[in-house]
There are 2 protein chains.
Amino acid sequence: MEERLEREVNQLHASICQALADPKRILILYELHEGPKTVTELKDALRVPQPTVSRHLKMLREQRLVYGERDGVSIRYSLADARVIDALDTMRAVLIGGLAQQAELAEGLS
Amino acid sequence: MEERLEREVNQLHASICQALADPKRILILYELHEGPKTVTELKDALRVPQPTVSRHLKMLREQRLVYGERDGVSIRYSLADARVIDALDTMRAVLIGGLAQQAELAEGLS
DNA sequence: TGCTTATATACGCCTATCCGAATGGACGAG
DNA sequence: CTCGTCCATTCGGATAGGCGTATATAAGCA
């Protein structure tokens, strides 16, 4: 049973990572880190069609990474947990580390 | 041009997150965090067919999250950067936070 | 009610990913 | 060299994700 639960938590863990596995969603999260924004503001900032933004927001909502509050005619989205940005920054650092290592290798070949 | 570069880095950022977006790969990374392991050891620990392990390792290798060194007849894999585990732990904390919030909501309904 | 703006969803298409089963390739023992 | 072990890759089918277009829902206002 503990086995079963652990598998499920792991599945959720993967799902939440999956939500980060798209460039546009990453951009959305970084945008929201600067403060709450409406769908229109996001679509203008990212230069992406509105349905695309909404679909990505839906996925982020389902993973509880963001939430939206109606504000008159528009809906203002916010980060649900700023730690997501920490995780993204860490992954970016790992990425840079990998690129540096790759560059060293290339250097060695010359 | 700066625009172009930023898009590319973002794509890589997403790719590296994509590598985390699978339960088995998450388990592999946590296993490797305990120390280097061979493919056979991983397949036994995760109770997964060997080709599956190899395919996942390939993806992790391509993202430079792990690397393998031949050790006689087997290949010993290691984490390339322990910070990946930090990021995973952070995401797991975010996940737990979301679940707690979900539980509060459910509580409120009773 | 009727119109406009803002957001969400549905549909169809394409691409990517996952898996299991089978195959291929590298190493060491004898 | 041959065999057995360990690991990697390929193939085919099923599933999921992303996008653009078109459409639906919701709020505000006349």
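None of these values were measured; they are calculated from a predicted model. To find a chain, count down the sequence lines: A is the first, B the second, and so on, and within it residues start at 1.
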For B:Ala21 and A:Gln18 the tightest heavy-atom approach is CB-OE1, 3.2 Å

Minimal heavy-atom distance between A:Ile28 and A:His56, with the atoms involved, is CD1-CB, 3.8 Å

So, with a heavy-atom separation below 4.0 Å from DNA chain D, the residues of residues 20-33 of chain B are none

Shortest non-hydrogen pair, B:Val9 vs A:Leu95, comes out as O-CD2, 4.0 Å

| query | Is A:Ser54 touching bases, backbone alone, or none of the nucleic acid, heavy atoms closer than 4.0 Å? | reply | base

All heavy atoms of A:Lys37 vs all of A:Leu32, minimum pair found to be N-CD2, 3.8 Å

All heavy atoms of A:Glu41 vs all of A:Pro36, minimum pair found to be OE1-O, 4.3 Å

For B:Leu79 and B:Ile85, the nearest pair of non-hydrogen atoms, with its separation, is CD1-CG1, 3.6 Å

Per-nt protein contacts along nucleotides 21-30 of chain D (heavy atom under 4.0 Å; B base, S backbone sugar-phosphate only, - none) come out as BB----BS--

One would report the end-axis bend of the helix from C:dT1-D:dA30 to C:dG30-D:dC1, five pairs per end and rounded to 10 degrees, as 20°

The first and last nucleotides of DNA chain C lying within contact of chain A, meaning any atom under 4.0 Å from one of its heavy atoms, run from C:dT5 to C:dT9

| query | So, is A:His56 near the phosphate of D:dC19, with a side-chain N or O under 4.0 Å from OP1 or OP2? | reply | yes

In short, salt bridge (Lys or Arg N to Asp or Glu O under 4.0 Å) pairs touching residues 18-28 of chain B with sequence neighbours left out are none

Within residues 57-67 of chain B, the residues having a heavy atom closer than 4.0 Å to DNA chain C are B:Met59

